[in-house]
J.: 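Please read through the structure below; I'll follow up with questions.
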Amino acid sequence: MSTTSDELYDVTPEGDQHALKRVLGPKLLLLFIVGDILGAGVYAVTGTMAGQVGGIVWLPFLLAFVVATLTAFSYLELVTQYPQAAGAALYTHKAFGIHFVTFLVAFAVVCSGITSASTSANVLAQNFFGGLEINGWMGMPGREVVTVVALGFMLLLAAINLRGVGESVKFNVVLTLVEMIALCIVIGVGFFVMAQGTGNAGEVFVFNDYQDKGLFLAVTAATSIAFFAMVGFEDSVNMVEETKNPEHIFPRTMLTGLGIAVLLYMLVAVSVVSVLTPTELENIREAEGAALLEVVHKGSPDFPIDRIFPFLAVFAVANTALINMLMASRLIYGMARQDVLPRPLGKVLPGRRTPWAGIAFSTLLALGLIWYVSSDPESNIVANLSGTTAFLLLCVFTVVNVACLVLRRKRDPNRKVFFTSPGQLPLVAALLCAFLAGPWVGRNPIQYQVAGGLMAIGVVLWFVTWLITRKTNAGPGEPADTHRSGHP
């Protein structure tokens, strides 16, 4: 039976014994989105941003929020029309019908989740050992020990993921609350310092051109960096097949999650500027994932908060990594079921109904990436991995926004519409995302090299998939035999 482009992803797994289980309601979905946006992003990039613009570090967060929200409108229009787990790749294929482009988008999203989780693993290890050092329990170990902890953490996430999305999301609830407490500590320290009259509140509106770029280029570069802290909302569309009544609850829940995140980020930025001097703001980028720990340590010298905070940060960062790997494994599952990835990667555990093959594949990629970036002793691991993540997603978001406009023209007039992005906002969002992905924002060239290497792996996998489907005389999305969806 032939399969048209529009039918390629129109599967209804609810009637399949291997379908994913719908366990996410509005509250769990909101915590999922908030937990994914918060966490590693603000810990990883705040110091680097402050080193770009100084006191107005809150502005790039706000601008990144605007770009993310415009893109979120496009995602909401598309996910309510096509509530399947494949996300950006699904929308790309329905809009353009080119299997190679679909695969590249899918692989870019998978890689962004894996690079983000790898960033989180390294930030987690840094904060963990930073906490041990502050408490006087041991000195800071070498990079090899930090890498081993990061690798072990990724294996732990795989085990949690295999238990099932219900258990994973419940764990996410706990971690989301912990990370919100950690950020509230940073905010509380900042406002406490201001209340004591020893803060630098006047610096909040001061631009410090530490890199001699000028206001526009410096803010643009910082916004590109800040975008890593705003991503995460798009992961939720890959959980749509595990969400109850997604067409109705997604719009309000996603926009609410974005609003909560940017509010906390801007308050954190104000606190950072209030506690640290302009000279410290210039140098804080060297702290990598421990920048907020320095703020807490300086702002609360008479309280033991700085002894507890790094361990709270560990839980916060762990939450981001968990959700990133949940997303990557579910996307691999969705792609494999549509023959865009090799079909064995879509295998599901019969009892727990979790995509074990996708979990194993994404975990192996993450382990390899952490080992690779850690092998260069001169590299800034956190900055390069977070920048690569932002670059990959900005490219994907550009394609998704264009796909939204294309699919809007293809929309069946008789099909119910749940959400529509206003006017030409998808076009505006596409242009902004493409602009922030360009080299003019001052992105480190190594980030393009890492992204290019990952996508080269994607091309090889696409070719392997093409050979398999050609050998079985079936195109992508078309059954190669009668054993569809894992049925014996």
Side-chain angles (χ1 to χ4, degrees), residues 38-62 123-124 126-137 140 176-208 210 222 225-226 229 260-317 319-320 382-383:
L38 300 179
V42 68
Y43 293 92
V45 303
T46 302
T48 306
M49 291 166 55
Q52 294 277 351
V53 298
I56 59 170
V57 66
W58 55 270
L59 180 59
F61 277 129
L62 180 60
V123 173
L124 178 145
Q126 290 175 10
N127 276 274
F128 174 73
F129 287 113
L132 296 180
E133 184 179 32
I134 286 178
N135 283 278
W137 296 334
M140 182 64 70
T176 298
L177 295 176
V178 170
E179 68 188 13
M180 292 182 73
I181 291 172
L183 292 182
C184 286
I185 288 175
V186 178
I187 295 169
V189 167
F191 280 83
F192 172 78
V193 169
M194 285 189 286
Q196 297 297 308
T198 58
N200 308 307
E203 292 291 322
V204 172
F205 298 101
V206 176
F207 167 61
N208 301 107
Y210 298 124
I225 295 169
I260 292 172
V262 73
L263 177 61
L264 289 174
Y265 283 170
M266 292 181 69
L267 290 174
V268 166
V270 170
S271 297
V272 170
V273 174
S274 299
V275 173
L276 302 181
T277 66
T279 301
E280 290 170 331
L281 287 176
E282 180 181 7
N283 297 327
I284 195 176
R285 63 181 180 275
E286 300 175 2
E288 292 192 21
L292 297 187
L293 176 57
E294 289 195 6
V295 174
V296 174
H297 180 64
K298 180 183 178 182
S300 58
D302 299 325
F303 297 95
I305 298 177
D306 61 334
R307 297 178 180 270
I308 302 172
F309 180 80
F311 300 109
L312 294 178
V314 164
F315 283 101
V317 173
N319 192 33
T320 299
V382 172

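Sequential numbering from 1 along the given sequence is applied to the chain's residues. Quick note: numbers below take in every heavy atom, side chains included, and nothing from hydrogens, waters or symmetry partners.
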J.: Would a 4.5 Å heavy-atom cut-off, applied to side chains only, mark Phe309 and Val189 as touching?
T.: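 They are not in side-chain contact.
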J.: Is any side-chain heavy atom of Pro60 closer than 4.5 Å to a side-chain heavy atom of Val53?
T.: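 Counting from C-beta outward, Pro60 and Val53 do come under 4.5 Å.
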J.: Testing the basics here: between Met180 and Leu38, what is the closest heavy-atom pair and its distance to 0.1 Å?
T.: CG-CD1, 3.8 Å
J.: Identify, with sequence neighbours excluded, every residue that meets ring pair (Phe, Tyr, Trp, His ring centres under 6.0 Å) alongside Phe61.
T.: Tyr265
J.: Considering all heavy atoms of both residues, which atom of Arg307 and which atom of Ile134 are nearest to each other, and what is their separation?
T.: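 Taking every non-hydrogen atom into account, NH1-O, 3.4 Å.
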J.: How far apart are the closest heavy atoms of Ala44 and Val123, and which atoms are they?
T.: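 What the structure gives for the nearest pair is CB-CG2, 4.2 Å.
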J.: Kindly indicate whether the side chain of Val272, heavy atoms from C-beta on, has any atom under 4.5 Å from the side chain of Leu292.
T.: yes
J.: Under the side-chain contact (heavy atoms from CB on, under 4.5 Å) test, which residues partner Phe192, sequence neighbours left out?
T.: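 For Phe192, the residues satisfying side-chain contact (heavy atoms from CB on, under 4.5 Å) (neighbours in sequence not counted) are Gln196, Phe303.
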J.: If you compare all heavy atoms of Gly55 against all heavy atoms of Val273, which two are closest, and at what distance to 0.1 Å?
T.: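 The answer is O-CG2, 3.3 Å.
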J.: Under the side chain to side chain contact (heavy atoms under 4.5 Å, CB included) rule, what do Thr277 and Lys298 come out as? Steps first, then yes or no, please.
T.: CA-CA 11 Å; Thr277 66; Lys298 180 183 178 182; 3.7 Å; yes
J.: With side chain to side chain contact (heavy atoms under 4.5 Å, CB included) as the criterion, how do Ile185 and Leu312 come out once you've worked through the C-alpha distance, each side chain's angles and the decisive distance to 0.1 Å?
T.: CA-CA 10 Å; Ile185 288 175; Leu312 294 178; 3.4 Å; yes
J.: Check side-chain contact (heavy atoms from CB on, under 4.5 Å) between Ile187 and all other residues, then give those that pass, not counting sequence neighbours.
T.: Phe191, Leu264, Leu267, Val268, Ser271
J.: Return the set of residues passing side-chain hydrogen bond (donor to acceptor under 3.5 Å, both in side chains) with Glu133 (not counting sequence neighbours), or none when no residue passes.
T.: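 So Glu133 forms no side-chain hydrogen bond (donor to acceptor under 3.5 Å, both in side chains) with any residue.
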J.: Only pairs at least two apart or in different chains count here, so list each side-chain hydrogen bond (donor to acceptor under 3.5 Å, both in side chains) that has a residue in residues 51-60.
T.: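 Every side-chain hydrogen bond (donor to acceptor under 3.5 Å, both in side chains) pair that includes a residue of residues 51-60, provided the two are not neighbours, is Gln52-Lys213.
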J.: Is there a side chain to side chain contact (heavy atoms under 4.5 Å, CB included) between Glu203 and Asn208? Walk through the geometry before answering.
T.: CA-CA 9 Å; Glu203 292 291 322; Asn208 301 107; 4.0 Å; yes
J.: Suppose we screen for side-chain contact (heavy atoms from CB on, under 4.5 Å). Which residues come up paired with Phe128, at least two apart in sequence or across chains?
T.: Leu132, Phe311, Val314
J.: Any non-hydrogen side-chain atom of Val275 less than 4.5 Å from a side-chain atom of Glu280?
T.: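 Not touching, per the 4.5 Å side-chain cut-off.
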J.: Can you confirm whether Tyr43 sits close enough to Leu183 that some side-chain heavy atom of one is under 4.5 Å from a side-chain heavy atom of the other?
T.: yes
